[in-house]
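Just so it is clear, the values below take in all heavy atoms, side chains as well, and ignore hydrogens, waters and symmetry mates. All chains are named by letter (A, B, ...) in the order of the sequence lines, taking the proteins before the strands, and each is independently numbered beginning at 1.
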Amino acid sequence: MTKSLNVRAAVVSIVLFLGFIGAWHLATRSTGSTAAMSPEYAKLMGLTATQGKSAMPGPLDVGAKLWDHLRHPFYDNGPNDKGLGIQLGYSIARVMAGYLLAVAVAIPLGFLIGMSPLMSKALDPFIQVLKPISPLAWMPLALYTIKDSSLSAIFVIFICSIWPMLLNTVFGVASVRKEWVNVARTLEVGTVRRAFTVILPAAAPTILTGMRISIGIAWLVIVAAEMLVGGTGIGYFVWNEWNNLSIVNVIIAILAIGVVGMVLDQVLAQATRLVTFPE
Amino acid sequence: MIDKFISIEGIAKRYPGAAGAGDTTIFENLWLSLPRGEFGCVIGHSGCGKTTVLNILAGLDQPSEGTVIVDDHEIQGTSLDRAVIFQSHALLPWRTVMGNVAYAVSSKWRKWDKAKVRAHAQQFIDLVGLTGSEHKRPSELSGGMKQRVGIARALSITPKIMLMDEPFSALDALTRGSLQDEVRRICLETGQTTFMITHDVDEAMYLADKIFLMTNGPGAVVAEIVENPLPKDRARIDLHRHPYYYALRNHIVDFLVTRSKGFVAANPDHDPLHVPVVRPGLAEPALVLSAASGAAATGAAVSAPAQLRAR
């Protein structure tokens, strides 16, 4: 019955999607010509006034524009007119740079804290204070010290994605089953080899879960960070198109942010599945 | 001169009590020894500290007092000379059967190449009868097969002593029986010195040469050392037909059911350094030797006649 469940779920999804598109279309469609006005005046006023067209673009406008973007994702007509692909590329590159830096710091540090009760107690107050700080609050300080807006955005990604990974690594390492550690102890396995052969595989599913949470947060934060620092990236694109009053492009950007976020999440979910072991 | 391959000398284990109260003593002044090649079994109720004794012997736990000497050396922490078979098998679930055994082998012989490690591990996988399951993961194995891997892993490092902490208590009766046969066969073949913790009387009788009876904790002591009177070539299937079977069984059960509770109060003169050695026989349990005199004293009765015990 699982297959039929999947089929039924797909049908419901499609119906919901079509219903949403239909309602959207109906709500924003032209209602025909309204009051008669001189052609020059009508041209000045645009379709909103002459045909009762909503200022909100309809699904067909968005679809047509989306098709445009998909056909030319990488065009570059100067600083304020770059293809969607280029803008997403900038954002993904920033997220990756900040995120990988965070991985390089959080996982070794998490091992240290998880394996050493002393470090755990000593570092706990710092973590507790730093963790709840909104990543964007770091932005002015980053801009002042780093003096480079692009690097500051990367720093903000770094600081926001480090905490879930750090805490999950600490938890995963500290809660490795004692019997597995005892096996390594009775076999006289040294600390480094034990960390790699017992603790890392045992804690890997928890660590990957932390990495998955982190990439989600990093992708949330990059949009806001790029709105602040400007120049390039999908966050800047959204803000720029808002200034251009191109609601179509804003909607397309929202859609693109969602799709990329989903892909990033699924990659990490797949990686988690690879390191999960059945007991 | 009694051969003391393993010698536990006056160990104690105390846990700090709540504020104001004194420490809780699980056991103290505990002495135990086992000659090379013998199978020793500690039997007692839950909470008497028998697992703690085994963990101290393994080096996983430190005694509050006293020392443990193995092969003329005081033990310092864990060692590849003392392999442990854990109650919960403790296999690494992300490794295959071969991977788990090879991990132990490569931990002992770090310079061996992969082929040599695998060949060595394969011998022990064959020994416990798991040929053909090398590439399975622990989650694909039954409880009995998992414990076989645990035994293969422990044996593969050719330890001086094998330590078993209630290794079969989580298994069903049939599987337990066949694994006991396996362990007995391997121990007899290899002359392995083995120390086991159990609360299963039949298991102790079948496997052990010496059975150490522990009283209830806290403040547990080794009350008696029971020498197994059953023949060395005993088989599980006709064990119960042996004339000494019930004498031995009743003696242990009687201890566990009645005497273990009030033993310390009833025997104020009990000397933990000279624990009486008992060899239950046809007529009545006989004190064969006292560690104090070192002389055989066959026939001397230590407790009530056998017919009173045979309920």
Side-chain angles (χ1 to χ4, degrees), chain A residues 103 107-108 110-111 114-118 121 165 168-212 267-279, chain B residues 51 54-62 75-96 99-110 117 136-141 143 146 149-150 153-165 167 170:
Chain A
V103 170
I107 292 179
F111 260 76
M115 287 175 85
S116 150
L118 172 75
K121 276 195 191 303
M165 275 193 270
N168 266 48
T169 306
V170 170
F171 177 74
V173 168
S175 56
V176 170
R177 289 252 285 276
K178 198 147 183 271
E179 56 189 37
W180 297 335
V181 178
N182 279 347
V183 167
R185 283 177 66 197
T186 59
L187 293 174
E188 291 188 51
V189 174
T191 315
V192 175
R193 187 161 179 253
R194 194 195 307 171
F196 280 103
T197 56
V198 176
I199 295 174
L200 183 62
T206 322
I207 295 173
L208 261 292
T209 305
M211 290 174 70
R212 191 177 167 190
V267 168
L268 264 297
Q270 204 59 43
T272 310
R273 235 162 278 146
L274 279 181
V275 299
T276 302
F277 46 84
E279 281 198 47
Chain B
T51 297
L54 187 113
N55 283 344
I56 289 171
L57 199 44
L60 292 169
D61 204 348
Q62 268 70 49
I75 64 163
Q76 297 286 346
T78 57
S79 162
L80 283 158
D81 290 338
R82 283 166 275 129
V84 184
I85 296 175
F86 296 89
Q87 182 176 5
S88 54
H89 64 75
L91 299 181
L92 305 177
W94 54 89
R95 286 175 178 266
T96 59
N100 269 285
V101 180
Y103 183 62
V105 175
S106 60
S107 298
K108 172 136 187 179
W109 295 283
R110 291 180 192 186
V117 167
K136 288 190 178 151
R137 285 183 193 274
S139 58
E140 301 168 69
L141 302 176
K146 282 181 200 163
V149 182
R153 177 172 65 185
L155 287 169
S156 69
I157 57 171
T158 56
K160 287 180 181 168
I161 305 172
M162 198 155 72
L163 301 169
M164 299 199 268
D165 183 8

| field | Region of Val275(A) that comes under 4.5 Å of a non-hydrogen atom in chain B | value |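 Neither part, no heavy atoms under 4.5 Å.
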| message | So for Ala204(A), is it side chain, backbone, both, or neither that comes closer than 4.5 Å to the heavy atoms of chain B? | response |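 Neither part; nothing is under 4.5 Å.
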| field | Heavy-atom contact with chain A under 4.5 Å, split by part of Ile157(B) | value |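 It is the side chain, since no backbone atom gets that close.
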| request: Give, as side chain, backbone, both or neither, the part of Leu163(B) having an atom under 4.5 angstrom from any heavy atom of chain A. | output: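 Neither part.
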| task | I would like to know whether Leu187(A) and Leu80(B) meet side-chain contact (heavy atoms from CB on, under 4.5 Å); could you show each step before the answer? | result | CA-CA 5 Å; Leu187(A) 293 174; Leu80(B) 283 158; 4.0 Å; yes
Atom pairs (donor, acceptor) spanning chain A and chain B, under 3.5 Å:
| unit_1 | atom_1 | unit_2 | atom_2 | d |
| --- | --- | --- | --- | --- |
| Glu179(A) | OE1 | Ser88(B) | OG | 2.6 |
| Trp180(A) | NE1 | Leu91(B) | O | 3.1 |
| Arg185(A) | O | Thr78(B) | OG1 | 2.6 |
| Arg185(A) | NH2 | Leu60(B) | O | 3.4 |
| Glu188(A) | O | Arg110(B) | NH2 | 2.6 |
| Glu188(A) | OE2 | Leu80(B) | N | 2.6 |
| Arg193(A) | NH1 | Ser107(B) | OG | 3.0 |
| Arg193(A) | NH2 | Ser106(B) | OG | 3.3 |
| Thr197(A) | OG1 | Tyr103(B) | OH | 2.7 |

| Approximate separation, where rounding is to 0.5 Å, of Met211(A) CE and Thr169(A) OG1 |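 Met211(A) atom CE to Thr169(A) atom OG1 measures 8.5 Å (nearest 0.5 Å).
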For residues [X] and [Y], report the shortest heavy-atom separation together with the two atoms involved.
X         : Y         : answer
Leu92(B)  : Pro138(B) : O-CG, 3.7 Å
Gly150(B) : Ile85(B)  : O-CG1, 4.1 Å
Leu54(B)  : Val84(B)  : CD2-CG1, 4.5 Å

| field | When Pro201(A), Ala184(A), Gly190(A) are compared by non-hydrogen pairs under 4.5 Å with chain B, the top option | value |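 Among the listed options, the one with the most contacts to chain B is Pro201(A).
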| message | Does atom CZ (Phe277(A)) have a neighbourhood of more than 12 heavy atoms from anything else shown, all under 6.0 Å? | response |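 Count over threshold, so yes.
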| field | Contacts of Ala195(A) that satisfy side-chain contact (heavy atoms from CB on, under 4.5 Å) - sequence neighbours left out | value |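 Residues passing side-chain contact (heavy atoms from CB on, under 4.5 Å) with Ala195(A): Phe111(A), Met115(A).
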| task | Take Leu91(B) and Val149(B) through the side-chain contact (heavy atoms from CB on, under 4.5 Å) test and state the conclusion after the steps. | result | CA-CA 8 Å; Leu91(B) 299 181; Val149(B) 182; 3.7 Å; yes
